[in-house]
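Below is one structure; the comments refer to it alone.
When a ligand or atom number is given, it counts from 1 through the structure's own listing order.
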Amino acid sequence: MFVKFAHLSDCHLGAWRNEILNQTGYEAFEQAINKIIEEEVDFVILSGDLFDISNPKVDVVDLAVRELKKLRDKNIPVYGIMGSHDFSPSDNSMIRPLISAGLFIDVSKGELTDNKKLKLSFIQDAKTGIKLTGLRARKRSLEIEDYKRLLREDLENEEGIKIFVLHTMLSELKPVEFKDMESAPKSLLPQNFAYYAGGHLHKTVPEKLRTGDNTLIVDQKNSIIYPGSLYPTDFRELEKYQYGGFCIVSGEVNSESQSSELKVKFVPIKPREILTLVIDCTNKTVIDSLELIDQKISALNAEDKIVTVRIIGSLTSGRAYEIKSNEIAEQLRNKGALDALINKNALTSKEYAPISVAVGKTNEEIEETLIHEHAETTNIKKISKKDMENKIHRILEVLGTDREEGTQVREYNEELLNQFLEIFDLTKKGESL
Ligand SMILES: [Mn+2]
């Protein structure tokens, strides 16, 4: 029979603090659901991290319920697992009410056997007969321990067309830029599944799904698919990928001969146009840099776009904070940009060269050295280097004092403030010397 299903992952609804981008993330989800309904799929797979946190705010839950209900009204079942972000060890994930309402069918169900092995069970899709199972994530990739206890043989011997849903990075498929991310070897996965619906990795893998006609034949070599995040979830993803999407998998399956001929197609979702800009301020003063940024921005057509600006390089003088992100964003909004995100993480100043500290010392010694070196390279009128060093030590000391049992927060705050005023030889507004 001919089957067709949608595979989504890492929607991270509610991930953005920036409201425009948060709304764009919601829109991406709405567009994906509409597209899925249009495609008349048999079912949907969600490979984890539908929500960015396990207890999202009402807006986010409302959106998810509304959109998933559209699928249920069309009799399109949604199978899924929890991801590292929306899993809750105390079973308090907002995915739970979705499961109770029948809007989300958890395929990561199983039991521990007497000898502490993990026995997963299958859920069979009524319409296609396809059998689904999977392993939900835990925080900090702890599910890898669950994989090691998995009774793989039972899963491998189960008859029929099977899909495995995972929210774990596999070492063999790990892109180099994620080399520090925890992963599990492919060998921990049960074999003989027609399709492995991957989540957790925010990049589309295999990468070639995003090139050419966006399609790929599912075979032994290409049966583990990661659609990546449905919409970028942070600055880096927005800058690097600009958009996300999901997969539509379709083809002939034969349960009796246990054979399948599936192909997967990546469906890009682009609710807004993204413009990315990198400005290199190497060997420039703050004033020259501001001029350069102004020029670059003036030359842009930012109308109705979301703009990312990454400012990099090492300034010859001045400090990175003298280049003000909010002013650059404002300038872009005045040019008609929907919003602008400014990133200065890689902007440094020669005046403030990084200080290196020898390893193997105690924290106290490292702190001492850092403060000393910092004071030596900083010039503030009327404060000697020795005095500055003392002041920094006193600030850290004051910040380190705990509130005593029985004191009110207000009293504690007042006391901190007084101590700071004393350190900086200041008086409170309204008071005179
Ligand atoms: Mn994720």
Side-chain angles (χ1 to χ4, degrees), residues 6-18 21-22 24-29 32-33 44-57 60-61 63-64 67-68 78-89 92-96 98 104 106-108 134-144 146-147 164-171 173-175 177-184 189 196-207 209-210 224-247 266-269:
H7 171 199
L8 285 81
S9 189
D10 298 273
C11 304
H12 285 265
L13 300 174
W16 286 92
R17 253 187 300 163
N18 176 300
L21 278 150
N22 203 39
T24 310
Y26 293 177
E27 253 172 79
F29 191 63
I33 298 295
V44 174
I45 298 175
L46 292 178
S47 297
D49 287 355
L50 173 64
F51 298 135
D52 189 56
I53 48 175
S54 62
N55 57 342
K57 56 182 187 171
V60 175
V61 183
L63 170 87
E67 294 303 315
L68 294 178
V78 175
Y79 303 104
I81 56 172
M82 280 180 245
S84 45
H85 280 253
D86 51 17
F87 168 72
S88 152
N92 282 324
S93 171
M94 268 308 169
I95 298 292
R96 205 172 94 200
L98 300 182
F104 186 110
D106 184 10
V107 299
S108 174
L135 195 49
R136 51 105 189 87
R138 283 160 69 187
K139 301 284 173 205
R140 300 183 303 280
S141 299
L142 273 175
E143 77 281 358
I144 293 174
D146 296 330
Y147 274 101
F164 193 87
V165 189
L166 63 147
H167 190 91
T168 300
M169 171 103 80
L170 294 172
S171 315
L173 299 177
K174 185 154 73 171
E177 64 267 35
F178 294 95
K179 65 179 186 341
D180 294 332
M181 207 164 157
E182 284 210 64
S183 59
L189 283 180
Y196 296 83
H200 192 44
L201 185 53
H202 285 195
K203 181 181 186 176
T204 312
V205 169
E207 275 179 76
L209 270 171
R210 280 170 86 119
I224 309 170
I225 307 289
Y226 291 93
S229 42
L230 179 69
Y231 192 73
T233 68
D234 59 26
F235 185 97
R236 196 193 58 84
E237 286 174 29
L238 197 61
E239 186 184 54
K240 201 156 186 234
Y241 312 128
Q242 316 213 338
Y243 62 91
F246 66 98
C247 293
F266 180 75
V267 182
I269 298 285

Inset, instruction - With the Mn ion (ligand 1) at the centre, find the angle made by NE2 from H202 and NE2 from H12, to 10°. - result: 80°

Inset, instruction - Describe, in one word, how the ring planes of F266 and Y243 are oriented to each other, choosing from parallel (under 30°), tilted (30 to 60°) and perpendicular (over 60°). - result: tilted

Inset, instruction - Look at D146 together with R136 and state whether they make a salt bridge at an N to O cut-off of under 4.0 Å. - result: yes

Legend entry - Atom nearest to the Mn ion (ligand 1) - D49, N, O or S atoms considered: OD2

Inset, instruction - State whether the side chain of S47 and the backbone N or O of A197 hold a donor-acceptor pair below 3.5 Å, judged by distance alone. - result: yes

Inset, instruction - Only one of I225, L170, L166 passes side-chain contact (heavy atoms from CB on, under 4.5 Å) with Y196; say which it is. - result: L166

Legend entry - For the Mn ion (ligand 1), the closest N/O/S atom belonging to D10: OD1

